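Heads up: the structure comes next, in structure tokens.
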Number of protein chains: 2
Amino acid sequence: VDFGGSSAKVGLVDRRGGILAKETVPIDAREDFERIVEPVESCIEGLAKRHGDRGRLIAIGVGTPGFIEEGSGRIVGGCENIPALQGRSLPEHMGGALGVPVFADNDANCAAAGELAFGAGRRFSSFAFITLGTGIGGGLVFNKRIFRGARGFAAEIGHMSLDPSGLQCNCGSRGCLEQYASGPAIVALYQEKRKKRELPAPILSPKEIADRARGGDSLAVETFDETGRWIAQALGTLLNLLNLEACILGGGISQAGDVVLEPVRRHLPDFIWPIVGAGVSIIAAHLSNDAGILGAAAQALERLER
Amino acid sequence: VDFGGSSAKVGLVDRRGGILAKETVPIDAREDFERIVEPVESCIEGLAKRHGDRGRLIAIGVGTPGFIEEGSGRIVGGCENIPALQGRSLPEHMGGALGVPVFADNDANCAAAGELAFGAGRRFSSFAFITLGTGIGGGLVFNKRIFRGARGFAAEIGHMSLDPSGLQCNCGSRGCLEQYASGPAIVALYQEKRKKRELPAPILSPKEIADRARGGDSLAVETFDETGRWIAQALGTLLNLLNLEACILGGGISQAGDVVLEPVRRHLPDFIWPIVGAGVSIIAAHLSNDAGILGAAAQALERLER
């Protein structure tokens, strides 16, 4: 189950990452906890029944935004989009009715687990996964396992401080990667560049700006060059700290492919020990549309098999 | 064995971190590999023999500067102070004669292992260890184990880039923590502050500057405040990434105690998610004089018991 602000995507996933069936359950984010969770449980039950033996449930994996406490599964913060989930534990409340273990993790860890099990991470033992979207999330994989830290809050890659006098971030820190390389940051940077040249500055999506960059628009190219430099600074620090085999870029913006990746690769040597950078792969995620469902399933499988 | 540029410190260490005996073997860094290693081996043998059954060797732990490749134990870079060791593997060459396994690690990882086994890290499952000295090194402990990364090069905490337009670092990156919080950086910062006020600016040691700060010298206080802010920025990022229980500051400069630690603690909330920072301990290392010997032994014990 992939919980979002307006819907929960529910999928029946097999061990190899095949999706036997999927459904979308609309969510009214103002509803209370039970009214949000019950239709999701019914949906899971329905999907499983309809697929008989092939659909036999062994576990339920749930991905949500926010900080999820390891052990209890409680969402202890950062889930403002679905207030009813704040402070609650989905594993505790969903487990009973369905009779299988339930594992919850934040959506960025889920996405990392999805890449590890079924995507671009399969060939690596260790990597950082970065989602570039409205926000910037992350997941860390060491030794083929998701690394969650002491309380489950690890991998806040979007909140690496890259400039002590940089932009104020909503996390409380300054100069965070998220302030420079999220979707809204890319959109604002391109607009600013257009305005400086006294050109019309419509609000475009990151994808549209990427298309312009691909078409030769020099301000769009500059935008991704600057963004890529910030990402390279973050990845250089990350790699100097963790000596990983790869960095995998996911999320909507990464679908622009080389427009995003090429500047990151080009700037990375400026921020890394050469010996640590040697042979590191900087690549795009493989999973896209169903990444949320596959990731939620993958993290459950991983924990089930520990 | 703790290898340095001018000597190797050799100690006979028991499982509880007791030092039964220790000796210093002078090193002529211009000598070739065998001439450096043989006297160290003889020293180990001599120490063990003299202590009879209590001195029975079970493993040899070696700490050196540089990047040490996991598996082979080869020093693949960063050991400029003892050129003869570069490219060589101490475990390979020392093992035979003494008949016990030999484990090599870089000195910062050793120091972290020492704190974990015998020092300030005993009560934590996960922490970052930072040595503040002429350079800045680090070690990462997850789940009571030293984390070495894919090839053994992890934990280069001194080479986190904290400012993309900051000072050029000798690692090739820019704005690295080492440029702002190492001993020489502290010395230079205090001098610069004195010069700006047209005061005499003798070259003092970091310890002397710390003494002045403790005595109320406002420029010395400012120096540690600025240095502490850089360290806080690095630790905030580190904690947002790794959700650790503690950060332990070691190395010569950390012996100044609260003069160094207080500004770090004070600035840390500016660079961290409150939920991630809650309950994190920022403390000084416990081991000092014999940290090198105890650390080298501790990392060997840790690997022996895996």
Side-chain angles (χ1 to χ4, degrees), chain A residues 67 70 76-78 124-128 138 140 142-143 147-166 171-177 229-230 232-234 236-246 267 269-280, chain B residues 67 70 76-78 124-128 138 140 142-143 147-166 171-177 229-230 232-234 236-246 267 269-280:
Chain A
F67 289 105
E70 188 68 0
V76 293
F124 302 110
S125 282
S126 65
F127 62 86
L140 294 171
F142 305 151
N143 226 340
F147 176 80
R148 296 185 172 86
R151 295 166 61 208
F153 309 154
E156 288 291 338
I157 295 174
H159 301 281
M160 301 178 66
S161 173
L162 304 176
D163 183 349
S165 52
C171 77
S173 182
R174 260 187 189 287
C176 288
L177 176 62
R229 191 165 173 87
W230 288 107
Q233 188 190 347
T237 288
L238 203 55
L239 292 164
N240 279 348
L241 280 177
L242 302 172
N243 185 204
L244 306 168
E245 294 168 18
H267 289 295
D270 289 352
F271 295 105
I272 197 166
W273 275 106
I275 198 171
V276 174
V280 171
Chain B
F67 289 105
E70 187 68 0
V76 293
F124 302 109
S125 283
S126 64
F127 63 87
L140 293 170
F142 305 149
N143 224 342
F147 176 80
R148 297 186 172 86
R151 294 166 62 208
F153 308 154
E156 288 291 338
I157 295 174
H159 301 282
M160 299 178 66
S161 172
L162 303 177
D163 183 349
S165 52
C171 77
S173 183
R174 259 187 190 286
C176 288
L177 176 61
R229 191 164 172 87
W230 287 107
Q233 187 190 348
T237 287
L238 202 55
L239 292 164
N240 279 347
L241 280 177
L242 301 173
N243 184 205
L244 307 169
E245 292 168 21
H267 289 295
D270 290 352
F271 295 106
I272 198 167
W273 275 106
I275 198 170
V276 174
V280 172

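Note that this is a predicted model, so its numbers are computed, not measured. Naming: A, B, ... by sequence-line order, numbering from 1 per chain.
- If you measure heavy-atom distances from A:Ile272 to chain B, the contacts under 4.5 Å come from the backbone alone.
- Note: B:Ser161 leads B:Ser161, B:Gly149, B:Ser165, B:Cys176 in heavy-atom pairs under 4.5 Å with chain A.
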### Query
What's the verdict on ring pair (Phe, Tyr, Trp, His ring centres under 6.0 Å) for A:Phe142 and B:Phe142, showing C-alpha distance, side-chain angles and the deciding distance?
CA-CA 11 Å; A:Phe142 305 151; B:Phe142 305 149; 5.7 Å; yes

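- In this structure, OG in A:Ser126 is found 9.0 Å from CG in A:Leu242, a value given to the nearest 0.5 Å.
- With rounding to the nearest 0.5 Å, the separation of CH2 in A:Trp273 from CG in A:Asn243 is 13.0 Å.
- Both the backbone and the side chain of A:Phe153 have a heavy atom closer than 4.5 Å to some heavy atom of chain B.
- Rounded to the nearest 0.5 angstrom, B:Leu238 CG and B:Leu177 CG are separated by 10.0 Å.
- Here B:Met160 contributes atom CE and A:Gln233 contributes atom CD; the two are 10.0 Å apart, rounded to the nearest 0.5 Å.
- Only the side chain of A:Phe67 comes within less than 4.5 Å of a heavy atom in chain B; its backbone stays farther off.
- For the atom pair SG (B:Cys171) and CD1 (A:Ile275), the distance works out to 12.5 Å, reported to the nearest 0.5 Å.
- Listed options A:Arg148, A:Glu245, A:Glu156, A:Arg151 were ranked by heavy-atom pairs under 4.5 angstrom with chain B; first place goes to A:Glu156.
- Heavy atoms of A:Asn240 lying under 4.5 Å from chain B belong to its backbone as well as its side chain.
- When each of B:Thr237, B:Leu241, B:Leu239 is scored by its heavy-atom pairs under 4.5 Å with chain A, the top score falls to B:Leu241.
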